[in-house]
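Here the structure is laid out as structure tokens; the discussion comes afterwards.
Below, each value reflects all heavy atoms present in this structure, side chains not excepted, and no hydrogens, waters or symmetry copies. Atoms within a ligand are numbered from 1 in the order they appear, just like the ligands themselves.
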Amino acid sequence: MIINRSLPITPLGQSFSRMRQQPPHCHEIAARFAIAHPLGAIEPLGRGLINDTFSLDAGGQRYVLQRINGAVFPAPERIMANLRVLGAHLAERADTGLRLPSLIATREGGDFLRDADGAIWRLMEFIPNAVTLTRIEHDAQAREVGAVLGRFHRLAASLHSERLALSLPGFHATPEYLTRFLAVAGQEARQEGQAIRDCLDFVLERRGLADVLEAAQASGAIPLRVTHGDPKLDNILFARDGGHALALIDLDTVQPGLIQHDLGDCLRSCCNRGGEGTRDPAGVRFDMTLCAGILAGYANETRGVLAQADIDLLYDAIRLMPFELGLRFLTDHLEGDRYFRIDEPGQNLRKARIQFALVAEIERQEEALRVLIATCFAHAL
Ligand code: GN1
Ligand code: MG
């Protein structure tokens, strides 16, 4: 099913720690950007779990207004600096086939502003005639997903990753997530239910997985590169007919990282047809047909960019990313849902179990996945 990004999310009217809500001063904030008036409706937009995102109609145009989550991003101005560097790099290349949303200046000429609470706000163009997909329906879309991520990595490969600041330090440091989870889960006073004990056993059986990419990077086997950080399906814009992938959005986590994190995360998101919010762990599948399409689209775009050592780590990366996200959801559940926005109590625990079920599904298909990776990247070097 295709949904338009402008569909409002209805607030549920409950007061969980990270409930979606419209800050009262949105119109005041919007008026500080250099856009035509009158200012019209401001509505919650999208399904993001971290920032507050709104659509804004003004002067006959549509925009995306966003408040960056200052509790997550320690120095949001680094995000904006990275966007400037990346934007300039892409602008030097003609017809990249990759659109990134452009920033709208403030009335003072800056590209973000601070409100009275110190929070950072920015305004972006609303890419017209574009939709996000709640699920991939067919192979052509899967290839488009792989192609758009591959294009991003290929175009960014000529940008030295040191030119970008770390907008979110430790973002994909899986060993740190594991350490934190074990500390929280191990607190003596905890009276946890069976579901959490099962998750803990699942994690302990796989604790060796956590540092597989970090160790490879530390040993020099794979380099840091420019990464998107969060290429889940929600962050890919398709043309309105759902055919061509036009753009990658949500660029807050663009920073030096490992392309394996990006590709693993993209597959984690796209090949789980039921999505992150599905409720039955036993029904979770990792769809090999979609995976084949995404890998083929990606390999085709990144020819000459990757080395054999990069490809050798892909199976581990595909297994690692749902493991990491499961750890993050579960830790947040145990810590009181302070990081990920939730719609109902227990949601982060449920989501963690779905991610761990995905890990198990990937492991069940290890042999076939390794063959698929080798086939797709056979001519990639
Ligand atoms: C968060 O904000 P959003 O929804 O794009 C998270 C990602 C997770 C994703 C899971 C900065 O992304 O790492 O994979 O939720 N972003 C951050 O849906 O933590
Ligand atoms: Mg994000």
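Figure legend: cation-pi geometry between R62 and F126, with NZ or CZ positioned under 6.0 Å from the six-membered ring centre and within 45° of its axis.
Residue-level proximity to ligand 1 for L325 is carried by the side chain, the only part with a heavy atom below 4.0 angstrom. Using a 4.0 Å cut-off between heavy atoms, L168 contacts ligand 1 through its side chain alone, with no backbone atom that close. Using a 4.0 Å cut-off between heavy atoms, N235 contacts ligand 1 through its side chain alone, with no backbone atom that close. Looking at E324 against ligand 1, nothing comes within 4.0 Å, counting heavy atoms.
For the residue pair Q194 / R197, a side-chain donor-acceptor distance below 3.5 Å is found, with atom types taken as modelled.
Annotation: D250 places an N or O atom under 3.5 Å from an N or O atom of ligand 1; distance criterion only. Residue L49 has at least one nitrogen or oxygen atom sitting less than 3.5 Å from a nitrogen or oxygen atom of ligand 1, judged on distance alone. For ligand 1, the polar-atom distance check against D265 finds no nitrogen or oxygen pair separated by under 3.5 Å. Taking any N or O of R47, backbone or side chain, none lies under 3.5 Å from an N or O belonging to ligand 1. For H172, no nitrogen or oxygen atom sits less than 3.5 Å from a nitrogen or oxygen atom of ligand 1, counting backbone and side chain alike. On a distance-only criterion, Y339 and ligand 1 share at least one N/O pair closer than 3.5 Å.
Counting the atoms of ligand 1 from 1 in the order shown, those under 4.0 Å from a heavy atom of G48 are 4 (O). Of all atoms in ligand 1, listed by their number and element, those nearer than 4.0 Å to a heavy atom of K232 are 3 (P), 4 (O), 5 (O), 9 (C), 10 (C), 12 (O), 15 (O), 18 (O). Residue I50 has at least one heavy-atom neighbour below 4.0 Å for each of these atoms of ligand 1: 1 (C), 2 (O), 11 (C), 16 (N), 17 (C), 19 (O). Below 4.0 Å from some heavy atom of R268 lie the following atoms of ligand 1, by number and element: 14 (O).
Nearest protein heavy-atom neighbour of atom 7 (C) of ligand 1: D230 OD1, 3.6 Å.
Within the set R328, Q355, R341, E276, the minimum heavy-atom distance to atom 10 (C) of ligand 1 is found for E276.
Aromatic ring centroids of Y298 and H153 lie under 6.0 Å apart. Annotation: F356 is in aromatic contact with F202 [ring centroid separation under 6.0 Å].
The closest donor-acceptor contact from the side chain of Q141 to the backbone of E137 lies under 3.5 Å. No donor-acceptor pair closer than 3.5 Å links the side chain of D111 to the backbone N or O of R122. With hydrogens and angles disregarded, a donor-acceptor distance shorter than 3.5 Å links the side chain of T227 to the backbone of Q255. A donor-acceptor pair is defined here as one N or O able to donate and one able to accept, closer than 3.5 Å; no such pair exists between the side chain of R143 and the backbone of D139.
Looking at D250, its N, O or S atom nearest to the Mg ion (ligand 2) turns out to be OD2. Note on D230: its N/O/S atom closest to the Mg ion (ligand 2) is OD2.
In summary, R151 and E144 do not engage in a salt bridge, as defined by a charged side-chain N under 4.0 Å from a carboxylate O.
The nearest pair of heavy atoms linking P256 to L224 is C-CD2, 4.4 Å. K351 and E276 make their closest contact through CG-O, 3.6 Å (heavy atoms, listed as atom of the first residue, atom of the second, distance).
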